[in-house]
Asks: 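For reference, the structure I am asking about is given below.
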Amino acid sequence: LITDGIRAIANGIRDLANRFIEFGKTGIEFNKSMEQYSTPIKAILYDDVEGANQLIDSMRKLSKTSVFDVTSLLSASQQLVASEVSAKDAEAAITNLAKSLAYAGKSDDELRRMAQNLNQIKNAGKATAQDLKQFVYAGVPIYKLLADYSDEFNSISKSTVVTFEDITGALALAGEEGGRFFDAFD
């Protein structure tokens with residue numbers, strides 16, 4: 001009977017030790033993934049270390065209040081800073097993109113895909129009809145957001161050029177207090 005009690009205590013201690021080991025492995029894996037995305041952001045923004053650190057910290061905080069994980073948010077941010085978007089502008093763009101996608105019930109995969117879409121628009125200098133459709137497919141009413149952003153977009157014509165700045169401005173307007181997606185993380 002005493003032997004059975006000792007075995008039970010030993011098994012309990014072993015199980016507890018295994019849980020601590022798994023917890024440690026999870027922490028190490030998290031740190032590796034953070035480093036995987038943080039290092040390139042810091043390298044790209046080498047002349048703005050403070051901005052890079054602020055962007056990384058902001059994405060970490062956003063991951064705690066949103067449905068998106070920190071690696072997806074950092075990956076999305078990395079895409080924009082690689083296209084010469086400032087740390088401050090990348091932070092705002094990704095935060096507002098995340099709000100619009102959260103409002104549409106989307107997840108990390110969609111965030112990464114739409115960040116890539118924003119990156120393409122930034123690099124091309126304008127959005128194509130296909131780029132705008134990607135927002136619609138993701139559940140983001142981009143045409144309504146653009147209309148809210150500027151009277152010029154109330155009747156979008158084929159000759160209207162929509163830029164990265166227009167899209168991020170429309171997302172920002174929708175994400176601020178009183179906007180369509182302001183409470184997306186509540």
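Every heavy atom of this structure was used, including side-chain atoms; hydrogens, water molecules and symmetry mates were not. Position 1 is the first residue of the sequence, and the numbers go up from there.
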Asks: At what distance, to the nearest 0.5 angstrom, does CG of Leu111 lie from CD of Gln116?
Replies: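 Separation between the atoms: 11.5 Å.
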
Asks: Is there a side-chain contact (heavy atoms from CB on, under 4.5 Å) between Thr168 and Asn96 once you walk through the steps?
Replies: CA-CA 8 Å; Thr168 56; Asn96 291 314; over 6 Å; no

Asks: Are side-chain heavy atoms of Lys88 and Gln54 found at a separation under 4.5 Å?
Replies: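 They are not in side-chain contact.
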
Asks: Specify the closest pair of heavy atoms between Ser66 and Phe185, including all atoms of both residues, with the distance to one decimal.
Replies: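 Residues Ser66 and Phe185, closest heavy atoms: CB-CE2, 3.4 Å.
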
Asks: For Tyr103 and Phe181, take the angle between the two ring planes, folded into 0 to 90°, and tell me which bin it lands in: parallel under 30, tilted 30 to 60, perpendicular over 60.
Replies: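 Ring orientation, 0 to 90° scale: tilted.
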
Asks: What is the distance from atom CZ of Arg60 to atom CG of Leu55, rounded to the nearest 0.5 Å?
Replies: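 So the CZ of Arg60 and the CG of Leu55 are separated by 11.0 Å.
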
Asks: What is the minimum heavy-atom distance between Val70 and Ser63, and which atoms define it?
Replies: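 Residues Val70 and Ser63, closest heavy atoms: N-CB, 3.5 Å.
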
Asks: Are side-chain heavy atoms of Thr95 and Met59 found at a separation under 4.5 Å?
Replies: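 Heavy-atom side-chain distance check passes, below 4.5 Å.
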
Asks: Indicate yes or no: at least one non-hydrogen side-chain atom of Lys122 is less than 4.5 angstrom from one of Val85.
Replies: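 With C-beta onward as the side chain, the pair touches.
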
Asks: Grab the two heavy atoms, one from Ala87 and one from Ala52, that are nearest each other, plus how far apart they are.
Replies: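 It is CB-N, 4.1 Å.
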
Asks: Hey, does Phe68 have a side-chain heavy atom less than 4.5 Å from the side chain of Leu101?
Replies: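 Heavy-atom side-chain distance check passes, below 4.5 Å.
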
Asks: Ignoring hydrogens, what is the shortest heavy-atom contact between Ala104 and Gly139? Give both atom names and the distance.
Replies: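 Closest approach of Ala104 to Gly139: CB-O, 3.6 Å.
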
Asks: Just by distance, with hydrogens left out, do Asn53 and Asp57 show a side-chain donor and acceptor under 3.5 Å apart?
Replies: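 Absent: no donor and acceptor within the cut-off.
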
Asks: When you check the side-chain N and O atoms of Thr71 and Asp69, is any donor under 3.5 Å from an acceptor?
Replies: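 There is such a pair between these side chains.
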
Asks: Under 4.5 Å between any side-chain heavy atoms of Asp89 and Ser86, yes or no?
Replies: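 They are in side-chain contact.
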
Asks: Applying side-chain contact (heavy atoms from CB on, under 4.5 Å), run through Gln79 and Ser75 and close with a yes or a no.
Replies: CA-CA 6 Å; Gln79 289 183 48; Ser75 174; 4.2 Å; yes

Asks: Name the residue from Leu132, Asp131, Asp166 that meets the side chain to side chain contact (heavy atoms under 4.5 Å, CB included) definition with Ile121.
Replies: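 The single option meeting the side chain to side chain contact (heavy atoms under 4.5 Å, CB included) with Ile121 is Asp131.
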
Asks: Less than 4.5 Å apart, any side-chain heavy atom of Ile56 and any of Leu74?
Replies: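 Yes - at least one pair of side-chain heavy atoms lies under 4.5 Å apart.
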
Asks: Salt bridge between Glu110 and Arg113, side-chain N to carboxylate O under 4.0 Å?
Replies: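 So Glu110 pairs with Arg113 through a salt bridge.
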
Asks: Could you go step by step and tell me if Phe135 and Leu145 meet the side-chain contact (heavy atoms from CB on, under 4.5 Å) rule?
Replies: CA-CA 11 Å; Phe135 282 97; Leu145 299 182; over 6 Å; no

Asks: Side chains of Asn123 and Phe164: closer than 4.5 Å at any heavy-atom pair?
Replies: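 The answer is no, as the side chains (C-beta and beyond) never meet within the 4.5 Å cut-off.
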
Asks: What I want to find out is whether Asp148 reaches Arg180 closely enough, with some N-O distance under 4.0 Å, to be called a salt bridge.
Replies: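 Here Asp148 pairs with Arg180 in a salt bridge, since their nearest N and O are under 4.0 Å apart.
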
Asks: Heavy atoms only: give me the nearest Leu97-Ala115 pair and the separation to one decimal.
Replies: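 What the structure gives for the nearest pair is CD2-N, 3.8 Å.
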
Asks: Tell me whether Glu84 at atom CD has more than 12 heavy atoms from other residues, nucleotides or ligands lying less than 6.0 Å away.
Replies: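 No.
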
Asks: Establish whether Val140 and Val136 are linked, either directly or via other cluster members, by ILVMFWY side-chain heavy-atom contacts under 4.5 Å.
Replies: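 Shared cluster, yes.
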
Asks: Kindly give the heavy-atom pair with the smallest separation between Lys106 and Ala138, and that separation in Å.
Replies: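 The answer is CE-O, 3.0 Å.
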
Asks: To the nearest 0.5 angstrom, please state how far the OG1 atom of Thr128 sits from the CD atom of Gln134.
Replies: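 Thr128 atom OG1 to Gln134 atom CD measures 8.5 Å (nearest 0.5 Å).
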
Asks: With rounding to the nearest 0.5 Å, note down the distance linking CD in Glu91 to CG in Leu73.
Replies: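 Atom-to-atom, Glu91:CD and Leu73:CG are 11.0 Å apart.
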
Asks: Just verifying a value: how many Å separate Ser100 OG and Ile142 CD1, rounded to the nearest 0.5 Å?
Replies: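 The CD1 atom of Ile142 is 7.5 Å from OG of Ser100, to the nearest 0.5 Å.
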
Asks: Around atom CD of Gln130, are there more than 12 heavy atoms of other residues, nucleotides or ligands at under 6.0 Å?
Replies: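 Atom CD in Gln130 is crowded, with more than 12 foreign heavy atoms closer than 6.0 Å.
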
Asks: Would you say that Leu173 contacts Glu176 through its side chain, given a criterion of any heavy-atom pair below 4.5 Å between the two side chains?
Replies: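 The answer is yes, as the side chains (C-beta and beyond) meet within the 4.5 Å cut-off.
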
